[in-house]
There are 2 protein chains.
Amino acid sequence: MLDYDLGARGEKSLYEYLYQRIRDDIVSGAIGAEEHLPSKRGLAEHLGVSVVTVEGAYAQLVAEGYVKSRPRSGYFSARLPRQVKRGLPQDGRAPEPALAVSPEPRIDLASGEPGPEAARLWSQALRQALVSEPEAECFSPAPAQGTERLRSAIAAYLRQTRGMDVDPGCIVVGAGAQVLDTMIVQLLGRDLTYALEDPGYPRLTRLYNACGVQRVAHVPLDADGVQMAALEATAADVVHIMPSHQFPTGRVTSISRRYELLSWASAAQNRWIVEDDYDCEFRLAGRPVPPFAGMDAAGRVIYTNTFSKSLGSALRLAYMVLPAELVGRFTDELGFYSSTLSSVQQVALARLLETGDYERYVSRMRKRARERRDALVDALLSTPAAPCMRVEEADSGLHFVLAVECSRSEKDIAAALLAQGLRVAPLSDFVTVPDNAPQVDGLRRFVIQYASLDATAAEEAATLFADAIG
Amino acid sequence: MLDYDLGARGEKSLYEYLYQRIRDDIVSGAIGAEEHLPSKRGLAEHLGVSVVTVEGAYAQLVAEGYVKSRPRSGYFSARLPRQVKRGLPQDGRAPEPALAVSPEPRIDLASGEPGPEAARLWSQALRQALVSEPEAECFSPAPAQGTERLRSAIAAYLRQTRGMDVDPGCIVVGAGAQVLDTMIVQLLGRDLTYALEDPGYPRLTRLYNACGVQRVAHVPLDADGVQMAALEATAADVVHIMPSHQFPTGRVTSISRRYELLSWASAAQNRWIVEDDYDCEFRLAGRPVPPFAGMDAAGRVIYTNTFSKSLGSALRLAYMVLPAELVGRFTDELGFYSSTLSSVQQVALARLLETGDYERYVSRMRKRARERRDALVDALLSTPAAPCMRVEEADSGLHFVLAVECSRSEKDIAAALLAQGLRVAPLSDFVTVPDNAPQVDGLRRFVIQYASLDATAAEEAATLFADAIG
C-alpha cells in the first residue's frame, strides 16, 4: 500500500499533495510500470483521508496520463517513456512534452468542447430512442442522404432558427463535417481549385489535399470577409468560408461582401460556395446572422453545419444542404453510399429536434456562454494588464480574439502559459500563408474559446494571462 | 426621419421588426447608399421606443453589413452591389426527385440483414455503455484510428477467433466499410489501377470511381479465386478481394492462389491486396478459413472487416488492419481526421467484445444460420423441381448459390418470383463485364441469403421457386 506522510504537505491541499507524491513515485520508478494501484476506498482508509481526496488525486493523475483507469479492473500506473524518468523540474510541475500522453492543461481555452450537460442530453436521447422508438426504425439501414425523419426535423429546425426554407430532400446527414467535405469533393470534382480562408482551419487544407484536390489556395481576409481581389487571383472554382462567424478571427462576412461572393459564384460555370455555419446558434448579441444559403437565388451555395459545438464533436453529427443542381448529381453519383450515421443516432437526433429539447438546451447553453464570456472579459479587464488588452469580435459565437500589446511573441506567451497550466491558441497557429496574417498593428492575438470555463477558472486564467504579458 | 408603423409588427419584437424594416429599405433602395441614418436617440424619440431597441436594430444591421458605423459621425447605410436589389432571399431549392420505391417482398432472400436479436444486443450494449462507463470516455473525441480500448478489444478478438497477431496500433475503425475504402484510396493514391473480382460488389466500382481512382479493372474468377493471368493483364496496382467467402459466388480462394497473389504483390513496388473478410465468422462447416493477412510476411495486405453481417449494417461498425508500412503513412497523412465512429459506439462495441457477449452471440447466430440453411436446402430439394437444382458453396458463409436448369432467363425468374412476394438476386446482377460471367454450363444462378429466414418461410420460398422454374 502507498505510504505517505500527509503531515508534510505544507500549504498544499490534501489531494494535490497526494497527487504529487504518487506522480513523483511513478516518474522515479518507485511505482513500477503497469502496477495495480490500490482502490480509492482502500487508499483513503489506509491514509485516513476521505475517498473524495483520493478521487481528486487519481482523476488528476489520469488526466495527465500518469495513471490509467481500466473498467472493472481499477487503476494502473502508466508505462512512461524513458526520458520522463530523468527527473521532474524543480517547481514540481509535470515535464509536458516528454509524456506519452500529453497532460491536460488545468484550464483549456483552446478547445471548443461543450460540458457534461451535452453528454447527459445525448445519453438521455439515445436511451429514449432505444426504449421508445420502433426497433425497425433504429436498426434498419438508412439511405445515403440519411433518414427522412431526421432530414425533416433538421429542415424544420433550420426554418425556425435560421429562417431557411429548405426541402428535406436537399439535406444529407453524415458522421461529421469531414465526411461531408469528402463527399463535396467527390461531388464537385478534384480538377478544381478550392480556396480557403486564411487564417482558417489548417485541417481543411489537409482534408482537401488528402481527397486529391488539384490545388488548394489560401485567401486573406479583410474586415468584410474573404478578399475578393485575392479570391479572383487564385482562379478558384470553390470557396469554403465561415461567413456567420469566421474561425479563428471571429469576423462576420458583411452583407455587401456576401453579394459580391454570390456574383463571383454566378460569373462562371461550376463555381461553388461552401458555407460552413458551424457555430451560428451561439451568436451572443442581437439576432443570429442570416445564412448565406438563404440569399442564394442562383443555387451556388452548399450549406454545411454540425452539432459539434452544441453536443460535442465526439458524437459525429453533421449535415449539409445541397443546392438543387447538386441534389440530382448526389443521387446519381453518390446515392450508392450507405449513410455514415447509424440509424439509432439518426432517430435520437430527430427526437431531440422534434421535442424542442435541443432548442431549449441551446438557449440555456447560449445564456451560459454569455455569462462565461462576460466573466472572462471582466476578469481580463480587471487585471493590471488591461490597458494592453483588447477583446475583439466577442459577440459572434463561442470564441473571441484577445489582442495584446507585448514584446514577447505569440508562441512564447502561449508556451509560458501552458507551463502554468493554461492553454491558449495563438492566432498565428491558424495562418497557412504567412503573408495572410491579418495583424498589421503589431498586437499579439489569441483565439479564446470559453464555453467550458467556470467563474473561478476565469479569474485564474485572467491573472495568468496578465502575468505572462506583464 | 425613418417612419415605421411599429403596430404592424405582429409577434415580432420591436427591435427585430425595426431591423427588418430598415434592412428592407436599404435593399429596396428606399434608403439610398451611404445615407446618414438618424442617431439612435433621435430615432428612438421619433418612434416612441427606447434607445435600447434602436441600438439592438442598429447593432444587427452593422453585424450583417447593411449599415456601417463611423466613429464620431454616426450610422450610414452600406453601398450594396446591384444584384441585391433584385429582391430579398428567395428559395431556389428543388424538391426531392421521386424515388422508385420497390414494394417490400414478403420473403427476402436478397438481403443479408440479421434479425431482431442483433438489435437487442446492440441496444443493450449501448445502454450499458451509457449507464456504466465513464462519461468522459463516452463523450471525449476519439483519435483518427479510433480509441485505444476498442482497437485493443478488436486485436484480442482477432487473435482468439482468426489466429491473427495484430498490434492495436495497426487498426483503424470507421463508420462502415465504405468509409475505410475511401481512406484506402486516400492512402494508396488515385493514379493507380484497382482490380475487383467480377462478379462482385458493383458498389465497389462506384465507390472507387467516386473517389477519383484512375482505372478500375474487373477480373474474372476461376475455381481457385481471382484469375492470375487476367489480373496481370490489367496491370493492376491494387486488388480488392474476398478470399474467405467471395460475394456472390461463395468461393474460397485456394491456398495456392493465395501464395500466387502474395507473389504478385511482392513483384513490384506499391502493389497492395485489400482483403475483405466480411463474413468470415459464419463459415458453417469445418474450421474458419485463415485470413490472408496472417500469411503476409511482406506486409502487402490491408485487412478489412465489418460488424454488418453479425450486428446489422445500420450500425456502421467496421475496421481495417494496416500493414506496418501504411501505419506511418496513415498517421502522417490522415491522422488529422476525427474518427467517424462516435465515442459512445466505440465504448459499446469494446464492451461487447471484452465481455465475450459478442462471441457468444455470433456462435448462437452461426448455429441458427446452419439450421436455416438446412431447412431451406431441404425444402428446395423436397420439391418436384429438385432434379433441376444444385446448391453450390453452401458451407462458407451466410449465403449460397442456387443453380437451376431452366429455359427462362435469370431476370425473368426473379421478376416472376418478386410478383409472388419472394425476392431473390440473380447472380448476373453482380457481373460488371458480361464476359466475366462464370456460368459456362447454361444453368441459371441465384444468390440466396437466408440468415433471417424462418422455417415456414423456407417451405413457402421453396414451393414458389419450384413453381417458377417448373
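First the proteins, then the strands, lettered A, B, ... as listed; each starts at 1.
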Which residues in residues 205-213 of chain A have a heavy atom less than 4.5 Å from any heavy atom of chain B?
-> Arg206(A), Leu207(A), Ala210(A), Cys211(A), Gly212(A)
Please flag which part of Ser123(B) lies under 4.5 Å from any non-hydrogen atom of chain A: side chain, backbone, both or neither.
-> both
In terms of heavy-atom proximity below 4.5 Å to chain A, should Ala119(B) be classed as side chain, backbone, both, or neither?
-> both
Identify the two heavy atoms, one from Thr340(B) and one from Ala175(A), that lie closest to each other, and give their separation to 0.1 Å.
-> O-CB, 3.4 Å
Heavy-atom pair with the smallest gap, counting every atom of Pro141(A) and Ser313(B) = CG-OG, 3.3 Å
Decide yes or no for Phe336(B) and Gln178(A): does some side-chain heavy atom of the first lie under 4.5 Å from some side-chain heavy atom of the second?
-> yes
Measure the CG-CD distance between Leu315(B) and Gln345(A) for me, rounded to the nearest 0.5 Å.
-> 9.5 Å
Rounded to the nearest 0.5 Å, what separation is found between the CH2 atom of Trp122(B) and the SG atom of Cys138(A)?
-> 13.0 Å
Part of Arg190(A) within contact of chain B (heavy atom distance under 4.5 Å) = side chain
Side chain to side chain contact (heavy atoms under 4.5 Å, CB included) assessment of Thr182(B) paired with Gln186(A) = CA-CA 11 Å; Thr182(B) 304; Gln186(A) 295 183 21; 4.0 Å; yes
Gln124(B) versus chain A, heavy atoms under 4.5 Å apart: side chain, backbone, both or neither?
-> neither
Close side-chain approach of Arg120(B) to Glu135(A), heavy-atom, < 4.5 Å | yes
When the 4.5 angstrom heavy-atom criterion is applied to Asp181(A) and chain B, the contacting part is neither
